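Following: one structure in structure tokens, then a few remarks.
Only a predicted model underlies this, so the values are computations on that prediction, with no experimental measurement involved. Below, chain A is the first sequence line, B the second, and so on; all start at residue 1.
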Amino acid sequence: MPLDAHVPSGPIGEQWDRRKFEMKLVSPANKRKYTVLVVGSGLAGASAAASLAELGYDVKCFCFQDSPRRAHSIAAQGGINAAKNYQNDGDSVYRLFYDTVKGGDFRSRESNVYRLAEVSVNIIDQCVAQGVPFAREYGGLLANRSFGGAQVSRTFYARGQTGQQLLLGAYQALERQVGLGRLHMFPRTEMLDLVMIDGRARGIVVRDLVSGAVTSHAGDDVVLATGGYSNVFYLSTNAKGSNCTAIWRAYKRGAGFANPCYTQIHPTCIPQSGEHQSKLTLMSESLRNDGRVWVPTRGGDTRAPGAIPESERDYYLERKYPSFGNLSPRDIASRAAKEVCDEGRGVGPGGRGVYLDFADAIKRLGENTIRERYGNLFEMYQRITGENPYAVPMRIYPAVHYAMGGLWVDYNLMSTIPGLHVAGEANFSDHGANRLGASALMQGLADGYFVLPYTVGDYLATAKPAPVNASHPAFREAERGVADRTAKLLAINGTRTTDSFHRELGKVMWEYCGMARNEKGLLFALDRIPQIREEFWQNVDVPGSDAELNQALEKAGRVADFMELGELICRDALERRESCGAHFREEYQTPDGEALRDDEHFAHVAVWQYRGDHQTPERLQEPLEFDNVHLSQRSYK
Amino acid sequence: MNLTLHVWRQAGPSTEGAFATYEARDISGDMSFLEMMDVVNEGLIERGEQPVAFDHDCREGICGSCGMMINGVAHGPMKATATCQLFMRHFHDGDAIHVEPWRARAFPVIKDLVVDRSALDRVIAAGGFITAPTGGARDANNILIAKTNADDAMDAAACIGCGACVAACPNGSASLFTGAKITHLGQLPQGQSERDRRVLQMVAQMDEEGFGGCTWHGECQEACPKNISLDVIARMNHDFLVASWTGAGDKRD
């Protein structure tokens, strides 16, 4: 498999302009002859679908939710970065690029990241034009704040609901195209296979989640914008429906899967309260702007937080990382929390929690200012925990949040399968081994509004895919595969629920492939996961039929895929014998416990190529070169 | 705590539904209402019965997927709280809880507690947007928006499209939902050029979908998990009258 990233030549600042000029164009009259299938309707999917339909392509968009407005992008709280430098504090495209490469611990492709920083400014313009109600200053200008790991204020936000407002902007643009008849939306529809003809992606097989009907859609280009796979851990901050099925089907059809082990643990989530827990809730890390993180100095201190004097508190982030303090990047803050809890200094039930304390900020700024800044987050916290964070410090603990890994894509966001583009969290492209706060929204919209509209056209104009329709035998074969798998799941009639398997898988993943990993644990997980999977296929109980709305069946199909992906994640984590960003291998750390990269052997993207269900996948590499940002050990001290 | 649930079961849109009674045992106060439903469903599957179908996704109160009538109240007893953010500590041991789907003509039941809310998408498609095709937008700070306007727009834009307002309304009206979008976009300078057209198209679509008219009961505001105020309906009515009287209505597509 060729792993040519197709990066344009020339200085990094000119590459995107150069590529845009080199690209072939589809004439306006011909655009409507091409059908683009967009799977997923989050920031990346909705913005791509709307923009491609505006250009005149025949677009079909699919989502499993009952409305495209509900995609999980909606839950992003904190903000979106852009190199506007409105605050005159020294920001620039180059600085955003630099911060993102460094924040990703030098495991991302420079050219992609530079482009991301470059188009970030256009995103804000676009969203404001659509009516996204970003926060404003009294003079009417846009407000900014600083956000996890950045020393400039470049984050735009709409209270604690930035993802919601950006998604509604894209959703409204999408619905406008629906109203104009240029875009067909298929809600409650799940992609279950990718159809290949002559080595190209030519369509998808979907299940109508209401009627159960399995049908095919043919197209000239397929865009997967189906989000991340953090739910492989069972407990994560992702929505319950978030799943890996679309990208996993594509992987099994030949798309390379890049860096699956790069899964981000978010430091500020509400700790788990019990076994019944179905998901974890994130508290925006913007809270770390004003909250101070601490634990008691000595272990087993069960006094109420207010009864612990200053001298017996350890503000460990401020102590260990004086220049970034409470704003240290996510991977660093998460590991530090685990470390103090492992030392027995954690707080709350089970000792898996640390305090996030606003007492100083309330004293300094007044309760009203804090309410203005974080009111909805405080309410949410109180609703879930029953505790008032204005009076007692919040308790937080890290949780799986985001997948930096995903399908491999080249500079044009095309996977190793011609005609299959991948956007947003579903691809691996921009965040390296660790994503900075407020960068996911930026990447989703960059891909959808400002990259795919160009690169999809270039593919169509260059490849000129021949007309195809869903009567081609390849579609029948794929539909049969889907139907067989469904029938198999329904016929098992075992004794355990899908959730019980999912929880079991999640525990193995979290324990052995979570915040810290080691060879012994990963080998254990690689042994254990296939056993769980085998038992699943013998003993799961999926009630109901395939000809109706059957949520148990949907869940079973998704969990079956998670059980395969989980194994690949552990395999990738095992083979990457270094620590970088969110991937922390205990064997590879500096004397003071920081991640120790091995640039000589691992400055590459690991790309996994499927070889068959009973074969070990092949590990290919895309070497990473750093011509602009000097390779160095990250230091936030 | 132990609870008795009376849950609406309905196999499909055209089949007759009925309440079924289930016991929910050992429910912790730290569970959300949906986690309690998960426990009930796991028990049903283990007993070889069909689990109760209900929409849910983010479980953080923002995606708008979930929604049930809980003891006759949309999203249950807590103010400004979506079903997924309702925690069981607000119930008591021995409580009997009736759980039903949204009830509204424009939201046909698909199965059990799952309803079809696609009518709301069509209301947005009719005009709930600002026409701003990708590319070519001017610098964001060239559009000044007073903080108060931006804040008011944001208050209205917080709508999660769950449909509780419709379910709570005796008329099954979607006025709070539609008014929220009209208010959000109508507060902003970018939204002015389409303001007349927007309100006329959206209201017409709302009628076409079979939503009832607003007779100012105010139940929607009480049920709204995002505290959207009735003011948005006043604004919608204002804009509608202005657009109709100024003749902008004649320019409709």
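Smallest separation of non-hydrogen atoms from B:Phe177 and A:Arg69: CE1-NH1, 3.6 Å. Here the closest heavy-atom approach between residue A:Arg136 and residue B:Asn141 is recorded as NH1-OD1, 4.4 Å. When all heavy atoms are compared, the tightest approach of A:Thr497 to B:Glu42 is OG1-OE1, 2.6 Å. Taking all atoms of both residues into account, the shortest heavy-atom contact from B:Gln50 to A:Gly544 is NE2-CA, 3.3 Å. Closest of all the heavy-atom pairs between B:Ala158 and A:Gln161 is CB-NE2, 3.7 Å. Listed here is the closest heavy atom pair of B:Ala53 and A:Leu549: CB-CD2, 4.1 Å.
A distance-only check finds no donor-acceptor pair linking the side chain of B:Glu49 to the backbone of A:Pro543 [under 3.5 Å]. Judged by distance alone, the side chain of A:Glu54 and the main-chain N or O of B:Thr134 form a donor-acceptor pair under 3.5 Å. Between the B:Asp57 side chain and the A:Gly241 main chain, a donor and an acceptor come within less than 3.5 Å of each other. Side-chain N or O atoms of A:Glu175 include none that pairs as donor or acceptor with a backbone N or O of B:Phe129 at under 3.5 Å. Listed for the B:Arg59 side chain is no donor-acceptor partner under 3.5 Å among the backbone atoms of A:Thr281. Of the possible polar contacts, one joining the A:Gln165 side chain to the B:Ala157 backbone as a donor-acceptor pair under 3.5 Å is found.
Contact annotation for B:Glu60: both backbone and side-chain heavy atoms come within less than 4.5 Å of a heavy atom of chain A. Of the two parts of B:Ile160, the backbone and the side chain both hold a non-hydrogen atom closer than 4.5 Å to a non-hydrogen atom of chain A. Proximity to chain A (any heavy atom under 4.5 Å) is shown, for B:Asn149, by neither the backbone nor the side chain. Contacts between B:Leu188 and chain A at a heavy-atom distance below 4.5 Å involve the side chain alone, from C-beta outward. For chain A, no part of B:Gln205 is nearby; none of its heavy atoms comes within less than 4.5 Å. Of the two parts of A:Thr498, neither the backbone nor the side chain holds a non-hydrogen atom closer than 4.5 Å to a non-hydrogen atom of chain B. With a threshold of 4.5 angstrom between heavy atoms, A:Gln551 approaches chain B through side-chain atoms but not through N, CA, C or O. Only the side chain of A:His72 comes within less than 4.5 Å of a heavy atom of chain B; its backbone N, CA, C and O stay farther away. Residue contact with chain A, scored on non-hydrogen atoms closer than 4.5 Å, involves the backbone and the side chain of B:Ile45 alike. There is no contact between A:Gln272 and chain B, counting heavy-atom distances below 4.5 Å. For A:Ser73, no part sits under 4.5 Å from any heavy atom of chain B, backbone or side chain. Neither the backbone nor the side chain of B:Val123 comes within less than 4.5 Å of any heavy atom in chain A. When heavy atoms are compared at a cutoff of 4.5 Å, B:Ser118 does not approach chain A at all. With a 4.5 Å cut-off on non-hydrogen atoms, A:Tyr449 touches chain B through its backbone and its side chain both. Using a 4.5 Å cut-off between heavy atoms, A:Phe156 makes no contact with chain B at all. Looking at A:Leu280, only its backbone comes within 4.5 Å of chain B, counting heavy atoms on both sides. Contacts of B:Ala11 with chain A are absent, with no heavy-atom separation under 4.5 Å from either backbone or side chain. With a 4.5 Å cut-off on non-hydrogen atoms, B:His184 touches chain A through its side chain but not through its backbone. Residue B:Ile145 touches chain A through both its backbone and its side chain, counting heavy-atom pairs closer than 4.5 Å. Residue contact with chain A, scored on non-hydrogen atoms closer than 4.5 Å, is absent for B:Asn227.
Here CD of A:Gln130 is found 10.5 Å from OG1 of B:Thr131. Values are rounded to the nearest 0.5 Å. With rounding to the nearest 0.5 angstrom, the NZ atom of A:Lys279 is 10.5 Å from the OG atom of B:Ser32. Here the straight-line distance linking atom CZ of B:Arg122 with atom OG of A:Ser67 works out to 11.0 Å at 0.5 Å rounding. Of the inter-residue distances, the one linking B:Lys111 atom NZ with A:Glu548 atom CD reads 4.0 Å to the nearest 0.5 angstrom. Between atom CZ of residue A:Arg383 and atom CE of residue B:Met78 there is a gap of 7.5 Å, rounded to the nearest 0.5 Å. The line from CG of A:Asp66 to SG of B:Cys63 is 8.5 Å long, rounded to the nearest 0.5 Å.
Most heavy-atom pairs under 4.5 Å with chain B: of the set A:Ala82, A:Gly386, A:Gly169, A:Ala143, this distinction falls to A:Gly386. No other option in A:Phe450, A:Tyr171, A:Phe134 has as many heavy-atom pairs under 4.5 Å with chain B as A:Tyr171. Between chain B and the options A:Met185, A:Arg496, A:Arg503, A:Gln177, heavy-atom pairs under 4.5 Å are most frequent for A:Arg503. Of the listed residues (B:Lys181, B:Gln187, B:Met36), the one with the most heavy-atom contacts under 4.5 Å to chain A is B:Lys181.
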Verdict with reasoning, A:Arg159 to B:Asp155, per side chain to side chain contact (heavy atoms under 4.5 Å, CB included): CA-CA 10 Å; A:Arg159 294 199 187 138; B:Asp155 286 342; 2.8 Å; yes

Apply side chain to side chain contact (heavy atoms under 4.5 Å, CB included) to residues B:Gln85 and A:Ile384 and explain how you reach the verdict. CA-CA 7 Å; B:Gln85 293 292 291; A:Ile384 293 173; 3.5 Å; yes

Would you please test B:Asp55 and A:Arg188 for salt bridge (Lys or Arg N to Asp or Glu O under 4.0 Å) and show each step? CA-CA 11 Å; B:Asp55 271 323; A:Arg188 292 198 196 270; 2.8 Å; yes

For salt bridge (Lys or Arg N to Asp or Glu O under 4.0 Å), just list the numbers for B:Arg47 and A:Asp541, CA-CA rounded to whole Å, side-chain angles, deciding distance to a tenth of an Å, and then say yes or no. CA-CA 10 Å; B:Arg47 291 206 306 272; A:Asp541 182 13; over 6 Å; no

Let's go through A:Glu372 and B:Lys147 carefully: what are the C-alpha distance in whole Å and the side-chain angles of both, what is the deciding distance for salt bridge (Lys or Arg N to Asp or Glu O under 4.0 Å) to 0.1 Å, and is it a yes or a no? CA-CA 13 Å; A:Glu372 174 124 318; B:Lys147 186 173 185 304; 3.7 Å; yes

Go through A:His276 and B:Asp38 one step at a time and tell me if the side chain to side chain contact (heavy atoms under 4.5 Å, CB included) criterion holds. CA-CA 9 Å; A:His276 57 268; B:Asp38 290 342; over 6 Å; no

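Remark: A:Arg70 does not engage B:Asp121 in a salt bridge, criterion side-chain N to carboxylate O under 4.0 Å. Look at B:Asp139 and A:Lys84 and you find a salt bridge, because one of the NZ, NE, NH1 or NH2 atoms lies within 4.0 Å of a carboxylate O, short of that distance.
The number of heavy-atom neighbours closer than 6.0 Å to CD of B:Glu16, taken from other residues, nucleotides and ligands shown, is 12 or below.
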